[in-house]
Peer 1: 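Sharing a structure, written as C-alpha cells. Questions coming.
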Amino acid sequence: ASQDFEAGNLVLTDVPSVVFPLAPCLTALHAQLDRVAALCEVAPASLYCMVVLTRYTEAQIVDLEERFPIPDIPTNNELCRKFLAVGQALLPLSLLPLGSTANRYCDMLLRVRLFARSITHEGYPSLALYFNSVKIWHSCYPNMVFFADGPTILYRAVKAIKKGEQLTITFIDDVELWKSTPLRQDYI
C-alpha cells in the first residue's frame with residue numbers, strides 16, 4: 001500500500017487497459033475461433049480476445065506482455081497444454097504480429113485468463129485487463145474487496161492496511177473460500 005488505510009476506505013480504482021467483448025458475432029474469424037475452441041476443448045469465448053488482439057501492433061503486444069507478466073506455469077498444466085494446442089492451430093491465421101509463435105499465443109491467452117475480470121461493456125458481457133489489478137495478490141484472508149461500477153473496479157479495505165503492506169483480494173468465490181487449503185489451491 002502507498003499509505004495507511006482504515007477498514008472501509010477506498011484504496012484503489014482501476015479502469016480497463018483493454019476490453020475483450022465476449023458476445024459471439026457472425027464473423028468468419030469468430031467461426032474460425034469457435035472451430036479451434038472445439039478442436040482444442042476450450043470454451044469458445046476464451047479465444048475471442050484474439051479478435052481485439054488482431055488489431056494490435058508488435059509494440060502494443062510487447063506492452064501487454066510487459067504490463068501483464070505471467071508466472072512460470074508448468075507445461076504439464078492442463079490449461080497450458082490446451083492453450084499451446086490452440087496456439088498451434090491459430091498460427092496459420094496470423095492473428096498476432098508476424099513471427100509470433102504458438103508459445104506467444106498461449107501466453108497471451110494465459111494473460112487474459114489470469115488477469116481479466118468479467119464486466120459488462122456497452123451492454124455486452126466482456127473481459128477487461130486492468131493494469132493496477134496486476135499488483136494485487138490473492139489471499140484467503142484478503143485486506144480488500146472489489147466491486148465494479150460499470151467498467152471501473154473499486155477496491156475497498158476490509159481491515160486496516162499499513163503503508164508498504166501487500167494489497168490482497170481473494171480470487172475465489174465464497175463457496176470455495178470455506179473449503180480446505182488443498183481444495184482451494186486446486187480451485188485456483
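In what follows, residues are counted from 1 in the order of the sequence shown.
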Peer 1: Please report the C-alpha distance between C80 and L110 in whole Å, then the side-chain angles of each, then the deciding distance to 0.1 Å, and finally whether the side-chain contact (heavy atoms from CB on, under 4.5 Å) criterion is met.
Peer 2: CA-CA 8 Å; C80 197; L110 286 171; 4.3 Å; yes
Peer 1: Please tell me if the side chains of V11 and I161 come closer than 4.5 Å, counting only heavy atoms from C-beta onward.
Peer 2: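 Touching, per the 4.5 Å side-chain cut-off.
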Peer 1: Indicate the atoms forming the closest heavy-atom contact of A45 with L22, along with that distance.
Peer 2: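 Shortest heavy-atom separation between A45 and L22 comes out as O-CD2, 3.6 Å.
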Peer 1: Which value, rounded to the nearest 0.5 Å, describes the distance between T170 atom OG1 and W137 atom CH2?
Peer 2: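 Reported value, rounded in 0.5 Å steps: 15.5 Å.
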Peer 1: Quick one, P16 and Y130 - any side-chain contact, counting heavy atoms below 4.5 Å?
Peer 2: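 In contact.
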Peer 1: Taking all atoms of both residues into account, what is the closest heavy-atom pair of V52 and V18, and its distance?
Peer 2: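 Closest pair (atom of V52, atom of V18, distance): CG1-CG1, 4.2 Å.
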Peer 1: Side-chain contact test, heavy atoms from C-beta onward, threshold under 4.5 Å: evaluate it for E65 versus D107 and give yes or no.
Peer 2: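 With C-beta onward as the side chain, the pair stays apart.
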Peer 1: Is the backbone of D63 close enough, under 3.5 Å, to the side chain of E66 for a donor and an acceptor to pair up by distance?
Peer 2: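 Looks like no, no N/O pair under 3.5 Å.
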Peer 1: Might you point out which heavy atoms bring S46 and C49 nearest each other, and give the distance in Å?
Peer 2: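 The pair with the smallest heavy-atom distance is O-SG, 3.9 Å.
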Peer 1: Can a side-chain donor-acceptor contact be found between N143 and Y155 if the only test is distance below 3.5 angstrom?
Peer 2: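 On atom types as modelled, these side chains do not qualify, holding no pair under 3.5 Å.
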Peer 1: Using only atom types and a distance under 3.5 Å, with no angle test, would you say the side chain of T120 pairs donor to acceptor with the backbone of G123?
Peer 2: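 Between the backbone of G123 and the side chain of T120 there is no qualifying donor-acceptor contact (under 3.5 Å).
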Peer 1: Test of understanding: clusters of I, L, V, M, F, W, Y form through side-chain heavy atoms closer than 4.5 Å, transitively. Do V86 and L39 belong to the same one?
Peer 2: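 No, separate clusters.
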Peer 1: Just by modelled atom types, is the A89 backbone N or O under 3.5 Å from a matching donor or acceptor in the Y105 side chain?
Peer 2: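 Looks like no, no N/O pair under 3.5 Å.
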Peer 1: Within the distance-only criterion (no hydrogens, no angle test), does the side chain of N9 pair as donor or acceptor with the backbone N or O of A157 below 3.5 angstrom?
Peer 2: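 The answer is no, because no donor-acceptor pair under 3.5 Å joins these two groups.
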Peer 1: Check for a donor-acceptor pair, side chain of R156 on one end and backbone N or O of V145 on the other, with a separation under 3.5 Å.
Peer 2: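 Answer holds: no.
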Peer 1: Would you say the side-chain atoms of N132 pair up with the backbone N or O of D14, donor to acceptor, closer than 3.5 Å?
Peer 2: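 Side chain of N132 to backbone of D14: no pair is present.
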Peer 1: Is L154 reachable from M144 through a run of hydrophobic residues whose side-chain heavy atoms are each under 4.5 Å from the next?
Peer 2: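 Not linked; separate clusters.
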Peer 1: Show the nearest heavy-atom pair for residues Y124 and E122, with the distance to one decimal.
Peer 2: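 Scanning both residues completely, I find the closest heavy atoms to be CD1-O, 3.1 Å.
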Peer 1: Using 0.5 Å steps for rounding, measure from the SG atom of C106 to the CG atom of L84.
Peer 2: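 Those atoms lie 4.0 Å apart.
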Peer 1: Would a single hydrophobic cluster contain both L93 and M108, if residues Ile, Leu, Val, Met, Phe, Trp and Tyr are joined by side-chain heavy-atom contacts under 4.5 Å?
Peer 2: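 M108 and L93: one cluster.
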Peer 1: I119 vs L127, test: side-chain contact (heavy atoms from CB on, under 4.5 Å). Steps then yes/no.
Peer 2: CA-CA 6 Å; I119 65 167; L127 292 175; over 6 Å; no
Peer 1: When you measure from the side chain of R113 to the backbone of L109, do you find a donor-acceptor pair of N or O atoms at a distance under 3.5 Å?
Peer 2: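 No, because the side chain of R113 does not come within donor-acceptor range (under 3.5 Å) of the backbone of L109.
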Peer 1: Once you round to the nearest 0.5 Å, how far does CG of D149 lie from OG1 of T13?
Peer 2: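 Rounded to the nearest 0.5 Å, the CG-OG1 separation comes out at 10.0 Å.
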Peer 1: Grouping I, L, V, M, F, W and Y whenever their side-chain heavy atoms are under 4.5 Å apart, do V158 and I153 come out in a common cluster?
Peer 2: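 No, it is not one cluster - the side chains of V158 and I153 are not joined through contacts under 4.5 Å.
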Peer 1: Are F146 and R117 close enough that some pair of their side-chain heavy atoms sits under 4.5 Å apart?
Peer 2: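 Side chain of F146 against side chain of R117, heavy atoms only: contact under 4.5 Å found.
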Peer 1: With side-chain contact (heavy atoms from CB on, under 4.5 Å) as the criterion, how do L29 and L95 come out once you've worked through the C-alpha distance, each side chain's angles and the decisive distance to 0.1 Å?
Peer 2: CA-CA 10 Å; L29 179 54; L95 302 177; 3.7 Å; yes
Peer 1: Show the numbers, then the answer: is there a side-chain contact (heavy atoms from CB on, under 4.5 Å) between I61 and L53?
Peer 2: CA-CA 8 Å; I61 294 290; L53 294 174; 4.1 Å; yes
Peer 1: Under 4.5 Å side-chain heavy-atom separation, chaining through any Ile, Leu, Val, Met, Phe, Trp or Tyr, what else clusters with V62? Say none if it is isolated.
Peer 2: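 Reading the cluster by chain and number, V62 sits alone, since nothing else belongs.
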Peer 1: Can you tell me how far apart CZ (R111) and CZ (F83) are? Round to the nearest 0.5 Å.
Peer 2: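 The CZ atom of F83 is 12.5 Å from CZ of R111, to the nearest 0.5 Å.
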Peer 1: Listing request: all salt bridge (Lys or Arg N to Asp or Glu O under 4.0 Å) pairs with a residue in residues 48-61, at least two apart in sequence or in separate chains.
Peer 2: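 Counting only pairs at least two positions apart or across chains, the salt bridge (Lys or Arg N to Asp or Glu O under 4.0 Å) contacts touching residues 48-61 are E58-R104.
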Peer 1: May I ask you to decide if L79's main-chain N or O and N77's side chain share a donor-acceptor pair within less than 3.5 Å?
Peer 2: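 Present.
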Peer 1: Indicate yes or no for a side-chain donor-acceptor contact from T152 to the backbone of G150 under 3.5 Å, with no hydrogens or angles considered.
Peer 2: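 Here the side-chain-to-backbone pair does not exist.
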Peer 1: Indicate yes or no: at least one non-hydrogen side-chain atom of S17 is less than 4.5 angstrom from one of F68.
Peer 2: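 Touching, per the 4.5 Å side-chain cut-off.
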Peer 1: With rounding to the nearest 0.5 angstrom, report the NZ to CG distance, K135 to L167.
Peer 2: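 One finds 10.0 Å between NZ of K135 and CG of L167.
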Peer 1: Which value, rounded to the nearest 0.5 Å, describes the distance between S2 atom OG and E165 atom CD?
Peer 2: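 Output value for this atom pair is 12.0 Å.
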Peer 1: Give the ring-plane orientation class for H30 versus Y48, where under 30° counts as parallel, over 60° as perpendicular and anything between as tilted.
Peer 2: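 Aromatic pair H30/Y48 classed perpendicular.
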Peer 1: Report yes or no: does Q88 contribute a side-chain atom to a donor-acceptor pair with the main-chain N or O of A85 at less than 3.5 Å?
Peer 2: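 Pair absent, no side-chain N/O of Q88 close to backbone of A85.
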Peer 1: Looking at every non-hydrogen atom in both residues, tell me the closest pair between S126 and H121 and how far apart they are.
Peer 2: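 Minimum heavy-atom separation between S126 and H121: OG-CB, 3.5 Å.
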Peer 1: Would you say V15 ends up clustered with L64 if hydrophobic residues are merged whenever their side chains have heavy atoms under 4.5 Å apart, either directly or through other cluster members?
Peer 2: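 The answer is no; the residues belong to distinct hydrophobic clusters.
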